[in-house]
Amino acid sequence: MKVMNLVQAINDAMDIKLQEDKSIVVYGEDVGVEGGVFRVTEGLQVKHGKERVFDSPLAESGIAGTALGMAISGMKPIIEMQFDGFSYPAFNQIISHIARFRNRTRGKYHVPMVIRIPYGGGINALEHHSESPEAYFGHTPGLKVVIPSTPYDAKGLLIAAIEDPDPVIYLEPKRIYRAIKQEVPEEKYQIPIGKAKVISQGEDITVIAYGAMIREVQKAMVLVKEKGISVQLIDLRSIWPIDRDTIGAAVRQTGRALIVTEAQQSYGPAAELISVINEEAFLSLEAPPKRLTGFDTVIPLPLGEKHYMISPQRIAWEIEKLVNY
Amino acid sequence: MKVMNLVQAINDAMDIKLQEDKSIVVYGEDVGVEGGVFRVTEGLQVKHGKERVFDSPLAESGIAGTALGMAISGMKPIIEMQFDGFSYPAFNQIISHIARFRNRTRGKYHVPMVIRIPYGGGINALEHHSESPEAYFGHTPGLKVVIPSTPYDAKGLLIAAIEDPDPVIYLEPKRIYRAIKQEVPEEKYQIPIGKAKVISQGEDITVIAYGAMIREVQKAMVLVKEKGISVQLIDLRSIWPIDRDTIGAAVRQTGRALIVTEAQQSYGPAAELISVINEEAFLSLEAPPKRLTGFDTVIPLPLGEKHYMISPQRIAWEIEKLVNY
Amino acid sequence: MFDIKTLESYQAIDNKLYQVMDAEGKLVIPKWKSSLDNEQIVQAYRDLLFVRTADMMAVAYQRQGRMFTYPPNLGQEAIHIAAGLVMQEKDWLVPAFRELGAWLAKGVKLSEVFLYFRGHEDGSRFQEANRVLPVAVPISSQLLHASGLGYALNYQGEDAAVFAFVGDGGTSEGDFHEALNFASVWDAPVVFVIQNNQFAISVPLAMQTRSKNLAVKGIAYGMESIMVDGNDIFAMHDVFSFARDYAVTNKRPILIEAVTYRAGAHTTSDDPTKYRTSEEEEEWAKKDPVLRLQKWLTRKKLWDVSTEEELIASYRKKIDAEFEIAEHYPEYNIDDVFGYLYEEMPDELKRQKNDYMNFINSSGGVK
Amino acid sequence: MFDIKTLESYQAIDNKLYQVMDAEGKLVIPKWKSSLDNEQIVQAYRDLLFVRTADMMAVAYQRQGRMFTYPPNLGQEAIHIAAGLVMQEKDWLVPAFRELGAWLAKGVKLSEVFLYFRGHEDGSRFQEANRVLPVAVPISSQLLHASGLGYALNYQGEDAAVFAFVGDGGTSEGDFHEALNFASVWDAPVVFVIQNNQFAISVPLAMQTRSKNLAVKGIAYGMESIMVDGNDIFAMHDVFSFARDYAVTNKRPILIEAVTYRAGAHTTSDDPTKYRTSEEEEEWAKKDPVLRLQKWLTRKKLWDVSTEEELIASYRKKIDAEFEIAEHYPEYNIDDVFGYLYEEMPDELKRQKNDYMNFINSSGGVK
Ligand SMILES: Cc1ncc(C[n+]2csc(CCOP(=O)(O)OP(=O)(O)O)c2C)c(N)n1
Ligand SMILES: Cc1ncc(C[n+]2csc(CCOP(=O)(O)OP(=O)(O)O)c2C)c(N)n1
Ligand SMILES: [Mg+2]
Ligand SMILES: [Mg+2]
């Protein structure tokens with residue numbers, strides 16, 4: 001075991017896989033010499049060579065589209081979109097091709113690749129650097145979409161993503177890149193894609209979140225604990241496929257559910273979770289499942305983020321309201 | 001009054017506005033000389049001139065991005081994405097700029113423009129010609145998104161969209177382009193954006209749909225009527241903003257709700273509607289609100305569409321199940 | 001033959017078009033010699049006839065309501081047959097959607113093409129063809145796949161090339177630009193082929209670009225490029241042979257603009273009389289690639305036109321037989337919808353499929 | 001002066017770089033005369049000093065934790081000051097994000113720039129500046145706006161130009177391609193300016209493209225183009241004057257590659273020592289645009305270097321005062337989040353805002 005933060009855990013997963021599987025390449029803007037603007041790929045070029053870890057021209061559609069070409073011919077590209085907001089130019093390649101090539105060719109070609117994207121707000125960044133695009137990807141058939149919330153999960157989920165024969169969008173909660181440290185096994189292991197994790201058992205209410213919001217919910221749990229409220233916290237981990245079984249079982253137990261996501265509300269991730277809860281636990285519901293999400297606004301520039309980002313206090317407030325419903 | 005189909009009603013709305021407002025231009029691939037691949041812009045170039053109605057180079061990001069330039073400088077572009085699946089290359093311009101320019105500049109610049117997109121399946125088309133991207137747009141802050149289901153609404157909603165000072169995505173249910181004819185006023189009128197329409201009152205269940213699905217629900221209503229089931233049908237019309245009041249009131253009345261959309265299920269439009277119902281009518285619910293949607297698959301090529309597209313029979317079956325819940 | 005010297009004297013910036021024979025099938029390059037022998041040339045002519053027949057029959061099937069939208073190849077066939085003669089087993093073919101002759105050369109079955117345009121994904125499974133991608137509908141998006149395949153060839157140490165097709169309209173898309181740029185920066189052995197057939201549906205070339213010609217766009221990527229008469233199969237064959245060799249030997253991409261004309265409609269849903277004149281069509285009909293080779297062959301006494309009718313009749317039978325296969329292909333079932341999204345079907349898809357099957361079962365098979 | 005004849009002898013395809021004075025501030029074009037008079041040139045030098053000071057102070061504020069990420073302009077200022085001298089009231093400025101001098105010339109207030117980089121949208125409201133767009137973060141996406149603005153100028157019958165900026169890295173994006181193509185096909189009067197500062201964050205130009213230079217990319221759009229020394233304010237001024245005139249008179253776009261060097265970090269979050277050598281930095285430091293003009297002025301006895309310190313001190317005060325305005329800007333409130341998405345706030349947003357206010361009220365102001 002070794003103490004790692006998320007950045008190190010992600011780097012470690014790539015390092016292990018690069019070592020093990022020569023078909024893997026890692027590329028994107030500034031990922032080579034620089035080691036990425038967040039240093040997530042630091043050291044990988046020196047260790048694995050410039051043919052395997054390299055800088056690409058500045059063009060996201062190009063990065064994604066060329067990776068498909070590599071993937072269908074026996075390679076395994078791990079590509080990086082430098083920030084969430086810069087994945088949009090690659091949407092057509094992701095939606096129209098990467099997600100569909102297996103289906104289109106009836107499995108003759110398939111697309112084993114990972115698209116890494118640092119995502120989410122709360123880091124005082126410029127515009128387009130704080131987006132939560134997971135619903136766009138979750139709504140796109142043919143993709144898998146995962147989000148870790150701890151170094152341990154980050155490593156295991158990334159290894160699972162790399163070993164998956166299908167394309168995986170791997171969203172990295174950049175806000176907690178260096179904020180959370182944890183003992184992580186040095187060897188290879190997988191966290192299965194499609195499985196949520198029950199972080200804590202609790203009787204009064206189920207809270208579902210993922211990514212950087214997990215930590216905020218945990219802070220809120222401290223606040224409500226004082227009031228005697230016991231929270232069952234679920235880390236979704238896999239945006240698609242969704243682990244309905246875990247969610248259903250949880251809400252059937254507590255009868256109350258709060259979804260916390262920073263993504264915009266309308267047509268957002270929380271809506272899907274509320275639908276799943278309706279489908280899996282309707283008869284157990286003692287209060288309407290509630291979503292606490294980003295507003296349907298552009299995420300503000302740093303000085304305004306305090307309003308947009310969801311605080312532990314606000315989570316606690318919603319928990320209390322729901323428990324007292 | 002004049003009998004029109006949707007194509008004619010949309011053409012008429014543009015014609016009237018082009019006549020009235022010299023700041024309006026209409027462009028896109030093949031919209032000029034050809035009058036559009038669906039003939040929606042037929043005759044407009046001859047009537048209004050080549051500077052106002054014209055063919056653009058084949059580049060959707062270009063079409064969208066240039067339109068923003070026009071819009072912020074006093075023009076009103078109405079642009080066409082030739083098919084739903086070809087709007088994806090324009091996503092970055094739509095999400096990052098068109099939707100945000102007013103907010104970014106605190107209203108110094110605003111973006112009065114309309115993006116017309118024929119959308120949806122059921123027309124035996126090639127791949128990428130049958131997509132339902134409304135959730136992508138609905139999830140994007142700064143846009144309005146509307147979908148007509150009748151010639152009357154098509155004209156009134158398009159005029160409202162053109163007169164709106166903000167960008168509007170106007171999705172055209174191509175499957176019923178010529179299938180529905182109706183008396184339409186020859187003069188100008190608006191259907192307000194953000195208002196759903198109660199198409200029929202009914203006691204047993206509320207069905208919410210929009211676009212081409214309305215007609216399928218209406219066929220289903222004939223089927224279930226025989227069994228004595230009375231359906232309240234709501235045409236959502238406005239994907240964002242959503243008319244929560246109408247939806248809430250309706251479901252509070254019937255206690256049961258079925259959402260029918262052809263878009264893929266996960267993180268799709270139906271999920272949002274289910275969340276709204278939970279928020280607005282939870283205590284009235286007598287059964288879990290149900291979504292009947294496209295599968296989380298790529299919409300199949302024509303021979304497979306029969307499985308994917310939602311038939312009146314299937315809608316009727318779900319209605320019955322819900323009513324007997 | 002076309003070699004590196006020829007390239008020097010055919011610079012796109014000077015607007016030079018490489019042509020071997022004129023519309024009458026007469027050589028315009030004195031003493032030109034083909035690298036194909038007479039037998040191969042005759043076979044190429046047969047292939048031209050075959051794809052033209054298949055293409056025209058496809059349009060007919062569509063008219064009969066037995067197929068959905070189809071994009072005719074009429075007038076552009078020489079490009080595809082020439083490519084077919086040059087492409088090797090190891091080479092990748094990355095088509096747009098109007099390269100029937102090239103697909104068949106790569107081993108795609110005609111029945112598969114028909115099946116695809118009848119609306120079944122199984123038509124893109126390419127049972128016996130390797131290293132050929134399916135039809136790419138979103139214009140120009142496939143070119144990036146070609147650049148990635150080129151990187152992979154280098155990475156895997158294979159001496160092979162990628163042949164990637166796009167239309168004149170396609171040169172306007174951002175992906176065209178990114179693909180050529182990536183290929184160049186990566187030294188990827190890709191032969192990019194612009195089929196400049198003068199139109200993008202109804203939009204004429206003059207509304208797509210103001211560049212002198214399309215080949216000159218290679219300069220923006222530091223890429224060699226050649227403008228060639230796309231209706232001249234000898235010129236096309238020369239240029240493709242050179243380009244493949246150049247790409248594989250130098251590990252460099254190269255750009256070819258094949259100047260041609262879309263003699264038919266854009267697709268079977270299109271009506272070109274809306275946007276172009278019959279004079280223009282007739283002007284180009286005189287330059288038809290099949291007729292041109294026929295004239296050359298006849299002059300050389302390598303071909304007897306009187307045998308053509310019979311030959312075509314035999315082709316028609318073959319083609320009908322292929323169509324029959326497509327037309328009698330097994331019913332599209334629910335597993336065709338759900339079965340190919342992922343290697344292993346996720347529970348969520350199983351659940352959705354199951355829901356649907358519950359309905360089907362309770363409705364007695366009604367969908 | 002730079003005129004259409006000069007253009008002929010400075011073809012990008014021949015790799016010709018337009019330069020007026022060398023690094024020592026000595027004229028390399030004999031008998032060259034500026035269209036600016038001495039007073040204007042001295043003022044240009046003051047402006048250079050001012051923006052350089054403001055830019056360096058911005059970096060300092062950031063280091064003090066009083067501002068967020070900021071992209072330094074160091075070494076590229078001559079381009080912006082020259083553009084500022086040429087742009088007219090009616091012209092549009094479409095920036096990327098590294099053109100401080102040009103923004104100020106257009107009437108953007110320094111306090112607004114600071115406010116923006118302190119993380120407030122109000123910094124892009126440009127109270128007193130017209131026809132200048134805000135910082136564009138998604139690389140190259142703004143160029144399409146420029147092409148649309150150009151169309152609008154023609155449509156509205158205005159004789160004006162659009163000045164649109166992008167970096168060398170930005171030339172790789174699909175939107176770069178689409179924007180230049182649209183502008184050319186539409187005869188839009190856009191002056192596209194590539195600031196080739198040799199790097200895109202850490203990625204050197206050689207990994208962005210294999211084209212001979214960046215100006216040649218104009219050929220792909222049938223667009224005239226000029227490669228010019230971006231650290232030579234005289235050359236820049238000549239070329240901008242010509243380009244604006246050309247664009248407005250001919251209703252045509254034109255492409256300028258300004259060859260320069262990003263002497264500072266990419267942004268305040270970047271550390272260039274990771275990816276380049278101090279030798280390279282020193283080499284370029286010798287070509288510094290401010291120093292160069294200073295040398296020219298000194299030689300001409302138009303400038304007394306000993307007065308500079310005092311001048312800069314006075315600038316520092318002004319700049320500090322501007323920063324104060326930004327730093328003491330009113331608190332960011334909830335209406336700043338919700339109030340500007342639409343002309344009229346939709347009920348849905350009112351509801352969401354209301355929900356939030358309910359929480360704030362009940363929590364006693366805790367957010
Ligand atoms: C991204 C995208 N936009 C629009 C279309 C619709 N469309 C299909 S073919 C075509 C014209 C293509 O022209 P060109 O590239 O010249 O090829 P050609 O049809 O002439 O072979 C268009 C606009 C598409 N398929 N993809
Ligand atoms: C679409 C997009 N992708 C990535 C980024 C991240 N990014 C910001 S600046 C930059 C490099 C820009 O290089 P260049 O165009 O040369 O401009 P310079 O910074 O040198 O002025 C990158 C990759 C971005 N802002 N937008
Ligand atoms: Mg064409
Ligand atoms: Mg740069």
Side-chain angles (χ1 to χ4, degrees), chain A residues 29-39 42 54-63 65 82-83 85-86 88-90 92 123-129 264-266 292-318 320-321, chain D residues 68-69 71 97 115-124 134-135 137-141 167-176 200-204 207-209 266-267 269-271 274-275 329 331-334 336-338 340-341 346 348-349 352-353 355-356 358-360 362-363 366-367:
Chain A
E29 296 154 12
D30 305 286
V31 309
V33 175
E34 164 111 330
V37 293
F38 289 105
R39 306 285 179 261
E42 189 146 50
F54 53 95
D55 296 320
S56 74
L58 206 180
E60 292 75 13
S61 183
I63 294 169
Q82 195 162 82
F83 281 88
F86 310 138
Y88 303 149
N92 187 45
I123 61 154
N124 289 325
L126 290 166
E127 203 188 339
H128 312 282
H129 290 70
Q264 280 87 359
Q265 178 161 113
S266 291
L292 177 56
T293 69
F295 309 127
D296 282 358
T297 68
V298 178
I299 178 166
L301 291 187
L303 293 178
E305 267 195 319
K306 63 186 172 207
H307 295 294
Y308 185 99
M309 296 303 293
I310 297 160
S311 67
Q313 286 75 13
R314 224 167 124 210
I315 298 169
W317 190 69
E318 293 289 356
E320 277 184 64
K321 277 206 304 182
Chain D
F68 295 110
T69 314
F97 51 87
L115 185 60
Y116 175 77
F117 286 110
R118 276 182 51 77
H120 200 311
E121 288 83 356
D122 279 10
S124 298
V135 161
V137 175
I139 299 295
S140 286
S141 56
D168 48 312
T171 63
S172 297
E173 287 279 2
D175 277 358
F176 170 86
I201 310 185
S202 71
V203 182
M207 305 195 70
Q208 290 295 345
T209 184
H266 170 68
T267 67
S269 330
D270 176 48
D271 171 13
K274 286 226 153 202
Y275 52 80
Y329 198 78
E331 177 74 10
Y332 199 112
N333 71 45
I334 190 65
D336 291 319
V337 179
F338 280 98
Y340 297 97
L341 270 291
E348 179 63 26
L349 288 189
Q352 293 182 16
K353 180 183 154 195
D355 266 13
Y356 176 70
N358 283 344
F359 159 66
I360 296 294
S362 85
S363 73
V366 173
K367 279 171 190 114

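These numbers come from the heavy atoms of this one structure, side chains and all, not from hydrogens, waters or symmetry mates. Every chain is numbered from 1, with letters handed out A, B, ... down the list of sequences. All figures in this text were calculated on a predicted structure; none of them were measured in a lab.
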**Asked** Going through the distances and angles, do D:Tyr340 and A:Val298 end up as a side chain to side chain contact (heavy atoms under 4.5 Å, CB included)?
**Response** CA-CA 10 Å; D:Tyr340 297 97; A:Val298 178; over 6 Å; no
**Item:** Full working for side chain to side chain contact (heavy atoms under 4.5 Å, CB included) between D:Lys274 and A:Glu42
**Value:** CA-CA 11 Å; D:Lys274 286 226 153 202; A:Glu42 189 146 50; 2.3 Å; yes
**Message:** Side chains of A:Trp317 and D:Ser362 only: does a donor on one sit below 3.5 Å from an acceptor on the other?
**Reply:** yes
**Request:** Would you mind checking which part of D:Asp270 comes under 4.5 Å of any heavy atom in chain A, side chain (CB onward), backbone (N, CA, C, O), both or neither?
**Result:** side chain
**Request:** Select one option (side chain, backbone, both, neither) describing which atoms of A:Ser61 are under 4.5 Å from chain D's heavy atoms.
**Result:** neither
**Message:** What part of D:Tyr329 gets within 4.5 angstrom of chain A, counting heavy atoms only: side chain, backbone, both, or neither?
**Reply:** neither
**Message:** Can you give me the closest heavy-atom contact between D:Ala200 and A:Asp30, atom names plus distance?
**Reply:** O-OD1, 3.4 Å
**Request:** Could you point out which residue of A:Lys306, A:Gln313, A:Arg314 forms a side-chain contact (heavy atoms from CB on, under 4.5 Å) with D:Lys367?
**Result:** A:Lys306
**Largest heavy-atom contact set with chain D, pairs under 4.5 Å, which of A:Leu292, A:Asn124, A:Val37** = A:Asn124
**Under 4.5 Å from any heavy atom of chain A - which part of D:Ile139** = side chain
**Asked** Can you tell which of D:Tyr275, D:Phe338, D:Phe176, D:Phe97 has the highest number of heavy-atom pairs within less than 4.5 Å of chain A?
**Response** D:Phe338
**Message:** Given heavy-atom pairs under 4.5 angstrom as the criterion, report whether the side chain, backbone, both or neither of D:Asp168 touches chain A.
**Reply:** neither
**Request:** Search all heavy atoms of A:Asp296 against all heavy atoms of D:Leu341 and return the closest pair with its distance.
**Result:** O-CG, 4.5 Å
**Asked** Do A:Gln82 and D:Ile201 come close enough that some side-chain heavy atom pair is under 4.5 Å?
**Response** yes
**Asked** Got a second to check how far D:Ser141's OG is from A:His128's NE2, nearest 0.5 Å?
**Response** 7.0 Å
**Request:** Flag the pair D:Gln208 / A:Leu58 as yes when at least one side-chain heavy-atom distance between them is below 4.5 Å, and no otherwise.
**Result:** yes
**Message:** With a 4.5 angstrom heavy-atom cut-off, is it the side chain or the backbone of A:Phe86 that approaches chain D, or both, or neither?
**Reply:** side chain
**Message:** Please classify the contact between A:Gln265 and chain D as side chain, backbone, both or neither, with a heavy-atom cut-off of under 4.5 Å.
**Reply:** side chain
**Request:** Would you sort out whether A:His307 and D:Tyr356 count as a side chain to side chain donor-acceptor pair (under 3.5 Å), showing the intermediate values?
**Result:** CA-CA 9 Å; A:His307 295 294; D:Tyr356 176 70; 3.0 Å; yes
**Item:** Heavy-atom closest pair, residues A:Ala59 and D:Ser172
**Value:** CB-O, 3.4 Å
**Prompt:** Between A:Ser56 and D:Val203, what is the shortest heavy-atom contact and its length?
**Reply:** O-CG1, 4.4 Å
**Request:** Side chain from CB out, backbone as N, CA, C, O: work out which of these in D:Phe359 comes under 4.5 Å of a heavy atom of chain A, or both, or neither.
**Result:** both
**Prompt:** Is chain A contacted by the side chain of D:Ile334, its backbone, both, or neither, given a heavy-atom distance below 4.5 Å?
**Reply:** both
**Prompt:** Which bit of D:Val366 is near chain A, if near means a heavy-atom gap under 4.5 Å: side chain, backbone, both or neither?
**Reply:** side chain
**Fill in**
Greatest number of non-hydrogen atom pairs under 4.5 angstrom with chain D, of A:Glu318, A:Glu305, A:Glu34, falls to A:Glu34
